[in-house]
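Indexing begins at 1, ligand by ligand and atom by atom, following the structure's order.
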Amino acid sequence: MTIPSSITLDHRPSAAQRRRPDGGVGRPQADELDAAIASVHGRAARVLTGDRPTGELHLGHYFGTLRNRVALQDAGAELIIVIADYQVITDRDGVGPLRERVLGLVADYLACGVDPTKSTIFAHSAVAALHQLMLPFLSLVSDAELRRNPTVKEELAQSSRPLSGLLLTYPVHQAADILFCGTDLVPVGGDQVPHLELARTIARRFNDRYGEVFTEPRALLSPTPRLLGTDGHKMSKSRGNTIPLGASDDETLASVRRAATDSERYITYAPLRRPGVSSLLDLAAACEGSDPRLIAEEIGNGGAAALKQRTAEGINELLRPLRTRRADLIADPGQLSAVLRVGAGAARLTADERLATVRTVMQMDY
Ligand code: TRP
């Protein structure tokens with residue numbers, strides 16, 4: 001049997017989930033989850049994903065990957081989250097308010113339901129052995145392969161700096177993040193798929209050359225449409241068009257109100273002809289766990305003002321409990337640092353072991 005290189009979780013609630021008080025919003029169907037995490041070796045899968053601490057996590061992250069992470073953890077997968085602090089300097093000179101951002105990420109994870117007693121959260125800079133894996137990995141890829149990586153190209157185009165060695169090679173570094181712990185599944189947004197393909201290639205080439213050491217991980221995609229930001233472009237921190245998880249109700253309403261719509265009063269769902277209106281409908285539907293066409297019908301003549309009101313309410317409703325938990329967590333940075341220290345300890349053990357195996361198969365165990 002050939003194993004596909006990616007699998008997709010469907011977040012439309014099942015009939016049973018819709019009957020629950022929260023309408024099953026944001027949870028993939030239980031049978032799909034079981035299939036996803038058991039399909040690897042007949043044991044619970046090891047799931048790894050990560051974020052670069054360049055700003056606040058936002059709704060795009062929530063729908064693209066955060067809720068998948070929590071659903072996987074709750075279904076019994078072993079969840080590992082890497083905070084990719086070295087990735088911050090791929091396309092910029094300074095690290096910015098790094099400590100605050102890293103602790104903010106930890107608070108976001110915990111507020112979303114990541115349980116640090118079950119899952120591992122660590123910053124990759126704290127795990128030296130992980131970085132050493134990058135050396136043999138670099139020998140397995142050509143510069144042409146790296147230069148055609150779409151994310152590298154995009155980041156280079158957006159940056160005013162010349163291509164740095166780290167930007168060019170960071171997908172290889174990310175392969176070390178992914179491969180060091182025998183990851184089976186990587187829940188990511190579509191933009192990360194080329195990185196995952198590279199990690200698979202590196203695992204395969206290493207195994208061919210030195211013997212079976214690395215597992216080829218698969219992408220776990222979630223079919224939520226690429227949510228557009230409030231300016232109609234892809235939601236991204238660098239564009240300033242996001243709705244941060246930690247924003248207040250009023251800030252959320254204000255940014256949704258700024259979203260561009262069009263001059264047609266009657267609300268319809270037509271992604272190509274009416275991207276602004278349809279993107280808000282997608283957002284509202286994702287938050288409510290319902291269908292954008294249905295919401296469009298319900299709003300109809302209410303026009304853009306009603307659509308924005310409904311979208312902001314959907315977001316605020318979904319995020320309210322999370323925001324309350326996040327505020328409590330942020331008030332206790334010592335506890336957030338402790339989560340990272342424990343996570344780094346666990347990651348170090350795994351990385352040291354993997355590096356020892358690598359050195360052995362490369363005959364470097366003198
Ligand atoms: N490159 C990812 C991003 O920018 C973050 C990341 C780093 C990551 N290491 C990872 C994602 C490993 C998945 C797996 O969002």
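Close contacts between ligand 1 and L48 involve ligand atoms 12 (C), 14 (C) [criterion: under 4.0 Å to a heavy atom]. Shown in contact with A84 at under 4.0 Å from a heavy atom are these atoms of ligand 1, numbered in order with element: 7 (C).
Closest heavy-atom approach to atom 8 (C) of ligand 1 within the set Q174, Q87, H61: this belongs to Q174. Of the candidates V47, I178, T65, I178 brings a heavy atom nearest to atom 14 (C) of ligand 1. Between the choices H195, Q192, H173, E155, the shortest heavy-atom distance to atom 2 (C) of ligand 1 belongs to Q192.
Close placement of the Y170 and H195 rings is indicated, their centers lying within 6.0 Å of each other.
When hydrogens are left out, the protein atom nearest atom 13 (C) of ligand 1 is G50 N, 3.5 Å; that is the closest non-hydrogen contact. D177 OD2, 2.8 Å is the protein heavy atom nearest to atom 9 (N) of ligand 1. When only non-hydrogen protein atoms are considered, atom 4 (O) of ligand 1 lies nearest to R52 NE, 3.2 Å.
In this structure, a donor-acceptor pair under 3.5 Å is absent between the side chains of T215 and R46. Side-chain atoms of R323 and N316 include a donor-acceptor pair closer than 3.5 Å.
Summarising the geometry, atom CD1 belonging to I295 is positioned 11.5 Å from atom CZ belonging to R293; distances are rounded to the nearest 0.5 Å.
For R218 and D184, the salt-bridge test fails: no basic side-chain N is under 4.0 Å from an acidic carboxylate O.
At a threshold of 4.5 Å between non-hydrogen side-chain atoms, the residues L329 and Q335 count as touching.
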